[in-house]
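These notes concern the structure reproduced below.
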Amino acid sequence: MTDLEDGVRTMLARRAGDVAPQRPPWDELVARGPVVEPAPLPARGGRRPLLAVAAVVVAVAGVAAVVVADRPATVDTAPATAPPGHADAPFDPATAPPVWPTGGDGTVATWFSHVNRTRARPADVSTPERAAAAYLADRVDVPVVVGEGDVDEVAGLASFPWTFSEDPDGPGGEPDEPATSGRVWLRRIPIVTGDAWAVVGAVDDEVTVAVTAEGGLAPTLSLTVRATETADSLAVGVLSDGQPIQVGGEPLPQGGDDEPMLGELVEAPADIRVRVPFGVTVVRVRQVGGAFLSVTEMGVPPTVRESFALLPEESPLDPTPVADPVEAAGAAVPGPEPAAEPVQDLPGSDRYLVAVGETSTVILRSVPGGWVVVGVAARGVWPEDGRDYVLVASTAPGTASVRVGDREPQTVQLQGAAVGVPVPAEDGEVVEITVDWPDGGTSYAAFRMP
Amino acid sequence: MRSVPTGPAPATARWPADLVGLYTARYDDLVRLAYLLTGSAAVAEELVQDAFLAASGSWPHVRDPYAYVRAAVVNRARSWGRRVQLERRRPPAPPEEARLDADELWDALGRLNDRQRAAVVLRYYGGLADREIAAALGCREATVRTAIHRALAALRKEIDR
């Protein structure tokens, strides 16, 4: 023990003794908020009307994965499998789900919905350069330098390299932070107020994250996290709809109120397998050495080919019961004939499913006298109700036609994020959404406004 | 999401007893710790209160409650320091009352980078081992040792001027 250490210890004790804390009673403290409810993670629901039915939809999706399709999806940040024209992207920036900007609850869809409704722009995402800088400032604590980027205005794609190296002349003398570097990818997203640039992925040169998603009754993500020997500790976050899913690491305590979770400390190499709800899952891995030094982030699309309408309520599309459920399903969807499979019971609910074609599934409810159709689900489409708009979210680009009631349909371009269609919907009106996908398929979704 | 108690039942009834107990028992300690990290008693109180409120959301999964809240306080203090630094575009101001009693060591502490300052406070005020400091700061033990070594060198250099 040196004199200096003794001096530091004495000085700190004396300074601490000068403070007279004024502890408010706990009741007063929680009354002033903000407070996060003491609920197990990942907590879902109760945040906005759309999510009120999310739990049911998850259950529906799980069964559908067996009924219709079960296609694994894989995302890997290791370079060298880049599609032509997108530089060294480890995924396809043209179709990857956006991961930023996010709203207060962390969901990309919510942010874009907010922008469409309020015409507000919480972050400057008007150019790819500004969006990249804003994203890195949001995700990384240290001041990174954004390098000269690769911007393809025609394709609406961009990527930028970034680096961080602590200033050796800064406070504290020689740097004790390691240098980090990486790249961030962006895609132009059309919104009501104009174009916005969304981040669709980022990598840290020292960290490799491979993700394999599997559908089925229990959708899972398998993460393989590798890092170089010089990399610092890793904080891993797996988020579904902005809510963290535990990955088995040590929780990293919150550093602020703007992030629901900072991640869990995981030692690389790590192999992580977690169950996830249906939907886009965001995987975020950051080097953390007292501060977030880097970011690797990607969105993993759902594995099943079908997704399901988030029905505002179970108002039947046609309240007249039909004796045969398959016949009822066939009448609800134009075009293809309903599948011959038996009606699927959804455990824990009074709902039943019938697959129609390859891109739609009808949700029915048994009522006295037969069956009523309460909704039609479609691949990659989430219709959300609203009094003055219909929100259509999609994990892949496509062309959607939205018809409300008997009015003229509107055509909107889907870019892998939510798009708000400003169509007032009256009580009881039927909203129909038809999506033409680039691969030639067509999906159909419908629900009745409550 | 906000939680404002309603009805006559005390709000404490809605919260884990060990959380409220920890708050009662260790609040003062954590405020003093936060004060040493920020140099501001008012900011310290605010950070500790926010840390407890935020910790309540993760409480069912916390293995070591005191270590968790302490780390949350340290992280919040460091985030606050970085924010102040960015807002002012200059190094953090020296701690309060620095000019009044000309405490060179206290002033020099305020000029350390945020990780070094946190490591020094946790080691010499908190009495934490390297492993515990590493857990609180979210870094490796070797990084803690390096930070403290460089911090002491910087402090010595400052007071020798």
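Quick caveat: nothing in here was measured; it's all calculated off a predicted structure. Excluded from the calculations below are hydrogen atoms, water molecules and symmetry mates; all remaining heavy atoms, backbone and side chain alike, are included. Protein chains get the first letters and strands the later ones, always in sequence-line order, with residue 1 at the start of each.
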Taking side chain as C-beta onward, heavy atoms only, is [X] less than 4.5 Å from [Y]?
X: L105(B); Y: L4(A); answer: yes
X: M11(A); Y: Y124(B); answer: no
X: V31(B); Y: Q22(A); answer: no
X: Y35(B); Y: D18(A); answer: no

Item to check | Among L155(B), L19(B), T24(B), V121(B), residue most engaged with chain A (heavy-atom pairs, under 4.5 Å) | outcome: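 So the answer, after comparing L155(B), L19(B), T24(B), V121(B), is T24(B).
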Next on the checklist: If we define contacts as heavy-atom pairs under 4.5 Å, which of D28(B), I148(B), V144(B) has the most with chain A?
Outcome noted: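 Of the candidates given, the most pairs with chain A belong to D28(B).
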Next on the checklist: Nearest 0.5 Å, please: how far is CG in D3(A) from CZ in R156(B)?
Outcome noted: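 With rounding to 0.5 Å, CZ (R156(B)) is 8.0 Å from CG (D3(A)).
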Next on the checklist: Working to the nearest 0.5 angstrom, can you tell me the gap between L30(B) CG and R23(A) CZ?
Outcome noted: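 Between L30(B) CG and R23(A) CZ, I get 12.0 Å after rounding to 0.5 Å.
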Item to check | Side chain, backbone, both or neither of A235(A) within contact of chain B (heavy atoms, under 4.5 Å) | outcome: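 Neither the backbone nor the side chain of A235(A) comes within 4.5 Å of chain B.
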[X], part contacting chain A, at a heavy-atom distance under 4.5 Å:
X: V120(B); result: both
X: L36(B); result: side chain
X: E45(B); result: side chain

Item to check | E129(A) CD: over 12 foreign heavy atoms closer than 6.0 Å | outcome: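 For E129(A), atom CD is crowded (more than 12 foreign heavy atoms under 6.0 Å).
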Checklist entry - Any idea which heavy atoms bring Y23(B) and L29(A) closest together, and the distance? => result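 Y23(B) and L29(A) have their closest heavy atoms at CE1-CD2, 3.6 Å.
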Item to check | Which atom of Y27(B) lies closest to which atom of P21(A), heavy atoms considered | outcome: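 What the structure gives for the nearest pair is CE2-CB, 4.0 Å.
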Next on the checklist: Between P24(A), G17(A), A20(A), who has the most heavy-atom pairs with chain B when the cutoff is under 4.5 Å?
Outcome noted: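 Greatest number of close heavy-atom pairs with chain B: P24(A).
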